[in-house]
Number of protein chains: 2
Amino acid sequence: MNYEQAKARADILKALAHPMRILLLDALSRGDRCVNELNELAEVDQSTISRHLSHLKRVGIVTEHKEGTKVIHHLACPCMLKAFDCSVEVMKKVSRRQAALL
Amino acid sequence: MNYEQAKARADILKALAHPMRILLLDALSRGDRCVNELNELAEVDQSTISRHLSHLKRVGIVTEHKEGTKVIHHLACPCMLKAFDCSVEVMKKVSRRQAALL
DNA sequence: TGACAATATGCAAATATGTGCATATACCCA
DNA sequence: TGGGTATATGCACATATTTGCATATTGTCA
């Protein structure tokens, strides 16, 4: 593997590597949602949610389509949730206590 | 999923989300290596490699043991490489040209 | 023991990321 | 058309990450 390849993969993983974005993907794994609905996941500004979603769309993990004035978001790559499973595996190895959290 | 859970998972994913660390994990997937050997992967300072490895060890993806004056690093969680496969899947969806890179 | 080889750490500078506020844009409907 | 709802973006600030240099630490062996 060369540096360019590694960078391309890192860019995608970076898109996953934020608590809020993980919450967003988790929510989207249970069905498509508009920005407003996703905003209810946490008490942050609507613009913050919008930016996190942009991040996910930029790398292609999430897609969107408009329905009237709403922008519906869709998890395009459910395989990405496997990465979460890997995370859980790691946590189990590292600490039983932390694993309980997951 | 609550915020604490999401944060725990994000911490692990963050440990993956850097080109250099992906190169390191890729190298380790082909066998255990000491810091010096890993340093040959790229023209960066030895301290930089050391810190990237610390990052990977902190979250438990990589373990170490000493052999004389060398510190041998070992990929503790090969399942993590699945996350790379997911990255490739994403890239394929996003762009055929970029996917060729991977 | 003393010099050397391998690795880690303190520090400082550069860069990147995340956030809210204010505001812009797009779309709907009365 | 005008007002309201939904979403995105410019800006500024705060925080986090990455990096090299210099130096500390640890282990080996002549």
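Order of the sequence lines fixes the chain letters, A, B, ..., with proteins taken first and strands second; residue numbering starts at 1 for each chain. Basis for what follows: all heavy atoms, side chains included, without hydrogens, waters or symmetry-related copies.
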query: Roughly, in whole Å, what's the span from NE2 in His65(B) to P in dG27(D)?
result: 15 Å
query: How close do Leu56(B) and Ala15(B) get, heavy atom to heavy atom, and via which atoms?
result: CD2-O, 3.4 Å
message: Would you say Ser50(B) places a side-chain N or O within less than 4.0 Å of OP1 or OP2 belonging to dA8(C)?
response: yes
Minimum-distance pair of heavy atoms, taken over all atoms of Met20(B) and Ala42(B): CE-CB, 3.7 Å
query: Does the base of dA8(C) carry an N or O that pairs as donor and acceptor with the side chain of Gln46(B) under 3.5 Å?
result: yes
message: So, does Lys57(B) get its side chain near the phosphate of dA8(C), meaning an N or O under 4.0 Å from OP1 or OP2?
response: yes
message: Distance check needed: dT19(C) P versus His55(A) NE2, whole Å only.
response: 11 Å
Working for side-chain contact (heavy atoms from CB on, under 4.5 Å), residues Ile22(A) and Leu13(B): CA-CA 10 Å; Ile22(A) 288 181; Leu13(B) 291 168; 3.8 Å; yes
message: Between C1' on dG20(C) and CD1 on Ile49(A), what's the gap in Å once rounded to a whole number?
response: 13 Å
field: Whole-Å gap separating P (dA14(C)) and CG (Asp45(B))
entry: 17 Å
- prompt: Where the side chain of Val44(A) is defined as all heavy atoms beyond and including C-beta, which of dG20(C), dT9(C), dA6(D) is the nearest nucleotide?
  reply: dG20(C)
message: Tell me the interatomic distance from Ile72(B), atom CD1, to dA6(C), atom C1', rounded to whole angstroms.
response: 11 Å
More than 12 heavy atoms from other groups under 6.0 Å of NZ on Lys57(A): yes
- request: Ignoring the backbone of Ser47(B), work out which of dA5(C), dT17(C), dA22(D) is nearest its side chain.
  value: dA22(D)
message: Any base atoms under 4.0 Å from Lys14(A), or only sugar-phosphate, or nothing? Heavy atoms, all strands.
response: sugar-phosphate
- line: Ranking Glu67(A) and Thr48(A) by the position along DNA chain C of their nearest nucleotide, the one closer to 5' is Thr48(A)
- line: Between CD of Glu43(B) and P of dC21(D) the distance, given in whole Å, is 13 Å
task: Verify, without hydrogens or angle tests, whether Arg33(B) (side chain) and Asn39(B) (backbone) share a donor-acceptor contact under 3.5 angstrom.
output: no
field: Atom pair distance, as rounded to whole Å: NZ in Lys66(A) and C1' in dA26(C)
entry: 7 Å
field: Atom pair distance, as rounded to whole Å: CZ in Arg58(A) and P in dT9(D)
entry: 13 Å
message: Taking Leu25(B) as the starting point, is it possible to reach Ile72(B) by hopping between hydrophobic residues whose side chains are less than 4.5 Å apart?
response: no
- prompt: Under 4.0 Å between a side-chain N or O of His52(B) and OP1 or OP2 of dT19(D)?
  reply: yes
task: Taking only heavy atoms on the protein side, list every residue of residues 17-41 of chain B lying under 4.0 Å from any atom of DNA chain C, sorted numerically.
output: Cys34(B), Val35(B), Asn36(B)
field: Nearest heavy-atom neighbours spanning Ser87(B) and Ile12(A)
entry: O-CD1, 3.2 Å
- line: Of the candidates dC11(D), dA6(D), dT17(C), the side chain of Arg51(A) sits closest to dC11(D)
